[in-house]
**Q** 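Here's a structure for you.
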Amino acid sequence: MRSRQPLMRRIVVAFVLMTALVSGTFSLGIVAIVHVLEEHLVSQEMQRELESVLQDDLRNQRPPRLGPATRFYASSHSAYEVPPQYSALDDGFTELVDGERALYVYIQTLNGERFVLVQEQHEFEAREKALFNVVLAGFLLSVAGAWGLGWLMARRVMTPVSRLARQVSHRDQLLPLAPALAAEYADDEVGQLAAAFDSTLGQLRDSLERERLFTSDVSHELRTPLTVIATSCELLQHAQLEPRQREQLGRIERASEEMGELVQTFLQLARSKTNKTAFAANCTLQEVLDEQAAHWGPQIRAKGLAFELGSEGQDTGVYNPTLLRAVLSNLLRNALHYTDEGRVRLVAERGGFRVEDSGWGIAQQQHEQVFQPFVRGEHARGEGLGLGLSLVRRICTHQGWTIRIRDLEPSGTCFHVVLDSTA
């Protein structure tokens, strides 16, 4: 499993762990060397002292000539009887620590006799403990220094990376005249990363520009035939038509109006980067709700469904009518197509609105998929291509609105659009 820790923290941890490993190994090596040398040198010195006592003093029947901190014991001499605490020790050198007492004991067995030499080493033990404390303090200081050095190095390494991340995430990078990023960085790994971002962002700018030009061109080209269709419908309204023909004419008019609104929406989205007044806000939510209710209400009721325009709060915001109308019309059309019985509700609330229906509903696993282009629900209805909800999501994302889906009981779907997140 890959680490989710920030890169800067991982660099600091790597510095600290490496220093702890090296410094700890070095410190343990010092302790081990001191211990080995202590045992070796002291053992040799006590062996020479014991041989001197046996060869020079006891052979000449003289008392052992030893320092005040050294004591001699022998199992064959009652005057130097071996204490019980030394009886069970093996031959050779032994270090005994009892509280604050530190003793070096050297035992040698000759012809069945045990000879013991004991030295008190309070001063040496104190120096040894001081040395160990110095080694421990050095280890802790090296770890603390590694943390500080690692933090400084990590900050120095991550500063250009963080700066590059901020530049890449800035929305101006998608503008056609955005400057290249690689020129601001050295020819190193960060510079290579900046060059890769330049290449990717360049391709993205080209794709967005092609999409904008295509959408704009198609929208402009569609306006002419739509105008012809609308004009022809107006002329046919004054002609003598049979009821069936007038019904078909009404369908053509509604389709022409919807197509005109869709073209206008696409055209404004295509111009959004260059024309700051394309999305002028000059109408309230209630005005658009009333307009859409008047337009879609009769069609919903003509299908045998109940239609209700309700209110659960007063919204005071001002919005762009074309985009808001496109969102509402697509959601209401979707509710009309996917509801066979029951009702459709359009509910206003403070900061947004809801479109509820009692239709088939949308499976939980498809709540996000239905917002993708050319994706339709399991119970596809109407003659659409699956672009309505995709357009709704695109408009909401562009305007900073939020759209959510939730299921209704016992069946149905609720589309909840939040226009003002602070409401």
Side-chain angles (χ1 to χ4, degrees), residues 1-22 142-219 265-281 320 323 368 371-373 390-391 393-403 418 420-422:
M1 182 178 178
R2 294 184 179 180
S3 175
R4 295 181 178 271
Q5 297 294 328
L7 182 57
M8 184 171 178
R9 183 179 300 173
R10 279 184 277 171
I11 294 176
V12 174
V13 170
F15 260 85
V16 173
L17 290 180
M18 181 60 69
T19 303
L21 178 62
V22 175
S142 64
V143 172
W147 182 87
L149 180 61
W151 185 82
L152 290 176
M153 292 298 297
R155 186 175 181 181
R156 184 173 181 179
V157 169
M158 292 304 300
T159 295
V161 177
S162 301
R163 179 188 172 197
L164 179 59
R166 290 193 298 269
Q167 289 177 316
V168 171
S169 62
H170 199 282
R171 61 183 180 180
D172 289 345
Q173 288 300 326
L174 295 178
L175 295 177
L177 299 180
L181 300 173
E184 302 181 20
Y185 297 90
D187 187 15
D188 53 10
E189 289 79 1
V190 180
Q192 296 174 6
L193 182 62
F197 276 124
D198 284 336
S199 177
T200 303
L201 288 172
Q203 298 175 16
L204 183 58
R205 293 188 199 103
D206 292 341
S207 299
L208 291 175
E209 184 65 13
R210 286 195 300 269
E211 179 187 358
R212 188 186 68 82
L213 293 175
F214 173 78
T215 305
S216 179
D217 292 343
V218 170
S219 300
T265 301
F266 280 128
L267 186 60
Q268 289 196 9
L269 288 174
R271 291 175 173 175
S272 61
K273 293 297 183 181
T274 57
N275 185 1
K276 298 302 182 181
T277 63
F279 297 104
N320 177 266
L323 298 184
E368 284 299 319
F371 289 110
Q372 299 176 7
S390 173
L391 177 61
R393 169 63 67 85
R394 181 178 175 185
I395 294 174
C396 290
T397 301
H398 189 279
Q399 293 296 102
W401 302 339
T402 303
I403 181 169
V418 179
D420 184 2
S421 59
T422 62

**Q** Rounded at 0.5 Å granularity, tell me how far CZ in Arg205 sits from CG in Leu201.
**A**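 That separation rounds to 5.0 Å.
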**Q** Report yes if the side chains of Tyr185 and Leu193 come closer than 4.5 Å at any heavy-atom pair, otherwise no.
**A** no
**Q** Output the distance between atom CG (Leu152) and atom CZ (Phe15), rounded to the nearest 0.5 Å.
**A**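 Those atoms lie 9.5 Å apart.
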**Q** What's the shortest heavy-atom distance between Leu323 and Ile395, and which atoms?
**A** CB-CG2, 3.8 Å
**Q** Nearest heavy-atom pair of Leu181 and Asp198: which atoms, and what distance?
**A** N-OD1, 2.8 Å
**Q** Closest heavy-atom contact between Ala182 and Ala194?
**A**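 The pair with the smallest heavy-atom distance is CA-CB, 3.7 Å.
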**Q** For the pair Ser169 (side chain) and Arg166 (backbone), establish whether a donor and an acceptor sit closer than 3.5 Å, ignoring hydrogens and angles.
**A**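 Side chain of Ser169 to backbone of Arg166, a donor-acceptor pair under 3.5 Å: yes, one is there.
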**Q** Over all heavy atoms of both residues, which pair between Val157 and Val161 is shortest? Give the atoms and the distance, please.
**A** O-CG2, 3.8 Å
**Q** Show every side chain to side chain donor-acceptor pair (under 3.5 Å) that has at least one partner inside residues 142-151, sequence neighbours left out.
**A** Ser23-Ser142
**Q** Just wondering, do Gln399 and Arg394 contact through their side chains at under 4.5 Å, heavy atoms?
**A** no
**Q** How far does CZ of Phe371 sit from OG1 of Thr397, to the nearest 0.5 angstrom?
**A**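 The CZ atom of Phe371 sits 9.5 Å away from the OG1 atom of Thr397.
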**Q** From Arg10 CZ over to Met158 CE, what is the distance, rounded to the nearest 0.5 angstrom?
**A** 9.0 Å
**Q** Which value, rounded to the nearest 0.5 Å, describes the distance between Thr19 atom OG1 and Leu149 atom CG?
**A**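 That separation rounds to 7.5 Å.
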**Q** Please check if the number of heavy atoms outside Asp187 that lie under 6.0 Å from its CG is greater than 12.
**A** no
**Q** Where is the tightest heavy-atom contact between Ile11 and Gly150, given as atom of each residue plus distance?
**A**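 Scanning both residues, the minimum pair turns out to be CG2-O, 4.3 Å.
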